[in-house]
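Inspection log for the structure reproduced underneath, given as structure tokens.
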Amino acid sequence: MTTTEQAERGTSSIQLGILLAGVACLLAAPMFFYPIFLMKLLCFALFACAFNLLLGYTGLLSFGHATFFGGAAYFTAHAVKEWGLNPELGILVGVLGAAALGLVVGFVAIRRQGIYFAMITLALGQMFYFFCLQAGFTHGEDGIQSVPRGHLFGFIDLSVTSNMYYFVLAVFIIGMAVIWRFINSPFGMILKSIRENEARATSLGYSVAHYKLGAFVMSAALAGLAGGVKTLVFQFATLTDVGWQMSGEVILMTLLGGIGTLIGPIFGAGLVVTLQNYLATSDFPVTIITGVVFMVCVLLFRRGIVGEFYASRIGKKLGF
């Protein structure tokens, strides 16, 4: 075995150790932190990672991603409460609904680039917001309340907080595994080439529009997964889930953590959710504090928190 191979194997072992340590911390976290707070963090971390799949690895900035997060929340809530479906089937309905919305929105939006793409997603997102405001099944401004958590697979009672937490954790790990596999597949490599030089990718014979649409639908489906699980955690779906403010929050989370990094959005989501949670009872507006943190990160950490760590000496030694 050459020296280079030994170094790569050592780096992989270190990264695997960090990953296992992270999973162990998440498994033990309910003993030290409020489980509902942790579940909210995991849902928004998955949402941010789904958004990063589109922005960080494809180079497409969407201002309407709350459409898929909130749309899935409504679909899941309606399916579980009104149709009486099990939670896993309700979440599946939400994911499929979000993917369908992603197909429609993506088909229209990917025909434009840059700020035009962003504005189209924002416009379509606002159209969906007003649809949810007027549609009968969403109950308007009241939203869908008292959504039952039900029994997972018919025998695991999700009304028990510990069961619900480990279910959310399992969904989060599965979602992250899907994202990791997606970005490390040949499809993901092509997306990165499109991000770097779209004209070059086109000249190599790739159908750029098809790859963009595929990435958009995948990102929408994963955002829908986060939205569906969030509905079961809090047992309601409201207009807040589909508002433009939600789209702004997920952009902020991704920028703070680090665009184009796998775990960066997780740290960004953790920072934003923690500020919202622990400063909610203070007299000082949370949005101002969040804005100040964002300004500091933009000035001092241009690549995001995790992005700067990756670029540091320690990060490079660890193989990031």
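For the numbers below, each heavy atom of this structure counts, side chains included, while hydrogens, waters and symmetry mates do not.
- Residues Val242 and Thr67 are not in side-chain contact: their nearest non-hydrogen atoms beyond the backbone lie 4.5 Å or more apart.
- With a 6.0 Å radius and a threshold of 12 heavy atoms from other residues, nucleotides or ligands, Phe33 has its CZ atom at or below the threshold.
- In this structure, CD1 on Ile110 lies 12.5 Å from OG1 on Thr121, to the nearest 0.5 angstrom.
- For the pair Thr58 (side chain) and Leu60 (backbone), a donor-acceptor distance under 3.5 Å is absent.
- Scanning for salt bridge (charged side-chain N to carboxylate O under 4.0 Å, His left out) contacts around Glu198 gives Lys212, with sequence neighbours left out.
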Applying side-chain contact (heavy atoms from CB on, under 4.5 Å) to Phe234 and Ile36, what does each step give before you reach the verdict? CA-CA 8 Å; Phe234 292 99; Ile36 298 296; 3.8 Å; yes
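- At least one donor-acceptor pair under 3.5 Å links the side chain of Thr261 to the backbone N or O of Gly258.
- Within the 4.5 Å cutoff, the side chain of Glu88 has heavy atoms near those of the Phe153 side chain.
- Using a 4.5 Å heavy-atom cutoff, the side chains of Phe44 and Val272 are not in contact.
- Using a distance-only test at 3.5 Å, with no hydrogens or angles considered, no donor-acceptor pair links the side chain of Thr254 to the main chain of Ile259.
- Clustering ILVMFWY residues whenever any of their side-chain heavy atoms sit less than 4.5 angstrom apart, transitively, puts Leu232 in a cluster other than the one holding Val160.
- Phe107 is not connected to Val217 by any chain of hydrophobic side-chain contacts under 4.5 Å among Ile, Leu, Val, Met, Phe, Trp and Tyr, and they are in different clusters.
- Other residues, nucleotides and ligands contribute more than 12 heavy atoms inside 6.0 Å of the CE atom of Met119.
- Remark: Tyr206 OH is loosely packed, at most 12 non-hydrogen atoms of other residues, nucleotides or ligands lying under 6.0 Å away.
- Taking both residues in full, the closest heavy atoms of Gly102 and Ala220 are given as CA-CB, 3.8 Å, listed atom of the first, atom of the second, then distance.
- Taken to the nearest 0.5 Å, the CG atom of Leu54 stands 9.0 Å off from the CG atom of Leu191.
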Go through it in stages, so that I can follow the logic: the residues are Phe236 and Asp142, the test is side-chain contact (heavy atoms from CB on, under 4.5 Å), and I'd like the CA-CA distance, side-chain angles, deciding distance and then a yes or no. CA-CA 10 Å; Phe236 60 78; Asp142 294 331; over 6 Å; no
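- In this structure, the separation between CZ on Arg195 and OH on Tyr57 is 8.0 Å, given to the nearest 0.5 Å.
- Dense packing is recorded around CZ of Phe187, with more than 12 heavy atoms of other residues, nucleotides or ligands lying under 6.0 Å away.
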Start with the C-alpha distance between Val233 and Lys40, add both sets of side-chain angles, then the distance that settles side-chain contact (heavy atoms from CB on, under 4.5 Å), and finish with yes or no. CA-CA 8 Å; Val233 171; Lys40 180 181 179 181; 5.9 Å; no
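- For the pair Val147 and Ala77, the tightest heavy-atom approach, listed with the atom from each and the gap, is CG2-CB, 3.7 Å.
- Side-chain contact between Cys132 and Leu239 is present, with at least one heavy-atom pair separated by less than 4.5 Å.
- When the side chains of ILVMFWY residues are joined at heavy-atom separations under 4.5 Å, either directly or via intervening members, Leu122 and Val104 end up in two distinct hydrophobic clusters.
- Counting heavy atoms from C-beta outward, Thr161 and Met39 have side chains that approach closer than 4.5 Å.
- The CG atom of Asp241 sits 6.5 Å away from atom OH of Tyr74, with the distance rounded to the nearest 0.5 Å.
- Checked by atom type, the side-chain pair Glu249/Gln276 shows a donor-acceptor distance below 3.5 Å.
- In this structure, Phe68 has its ring center under 6.0 Å from that of Phe216.
- Shown here are the side-chain hydrogen bond (donor to acceptor under 3.5 Å, both in side chains) partners of Ser219, two or more places apart in sequence or in another chain: His65.
- Heavy atoms from other residues, nucleotides or ligands lying under 6.0 Å from CD of Gln245 number more than 12.
- Distance check, rounded to the nearest 0.5 Å: CG of Leu26 to CG of Leu38 gives 8.0 Å.
- The two atoms that bring Thr76 and Gly94 nearest to each other are OG1-CA, 3.5 Å, heavy atoms only.
- Side-chain contact between Phe117 and Phe63 is absent, with no heavy-atom pair separated by less than 4.5 Å.
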Working note: Phe128 + Leu124, criterion side-chain contact (heavy atoms from CB on, under 4.5 Å); need CA distance, chi angles, decisive distance, verdict. CA-CA 6 Å; Phe128 186 75; Leu124 293 175; over 6 Å; no
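- Clustering ILVMFWY residues whenever any of their side-chain heavy atoms sit less than 4.5 angstrom apart, transitively, puts Trp180 in a cluster other than the one holding Met189.
- Put simply, the side chain of Thr231 gets close to the backbone of Gly227: a donor and an acceptor are under 3.5 Å apart.
- Taken from CG in Asn52 to CD1 in Ile266, the straight-line distance is 10.0 Å, to the nearest 0.5 Å.
- Ser203 and Arg200 make their closest contact through OG-O, 2.6 Å (heavy atoms, listed as atom of the first residue, atom of the second, distance).
- One hydrophobic cluster holds both Phe172 and Val23 under the rule that ILVMFWY side chains link at heavy-atom gaps under 4.5 Å.
- Counting all heavy atoms, side chain and backbone alike, Gly224 lies closest to Ala72 at O-CB, 3.1 Å.
- When atom types are taken as modelled, the side chain of Gln235 and the backbone of Ser146 share no donor-acceptor pair closer than 3.5 angstrom.
- Checking side-chain atoms of Asn163 against main-chain N and O of Leu158 turns up no donor-acceptor pair under 3.5 Å.
- The main-chain N or O of Leu27 is found under 3.5 Å from a side-chain atom of Tyr166 such that the two form a donor-acceptor pair.
- Side-chain contact between Asn86 and Leu152 is absent, with no heavy atoms from C-beta onward closer than 4.5 Å.
- The two residues Ala66 and Ser247 come nearest to each other via the heavy atoms N-OG, 3.0 Å.
- Listed for the Tyr165 side chain is no donor-acceptor partner under 3.5 Å among the backbone atoms of Pro30.
- Taking the six-membered ring for Trp and thresholds of 30 and 60 degrees, Phe47 and Phe69 have nearly parallel ring planes, at less than 30 degrees apart.
- For the pair Leu55 and Ser62, the minimum side-chain heavy-atom distance is 4.5 Å or more.
- No side-chain donor-acceptor contact under 3.5 Å links Arg149 to the backbone of Met164.
- No more than 12 heavy atoms of other residues, nucleotides or ligands shown are found within 6.0 angstrom of CZ on Phe267.
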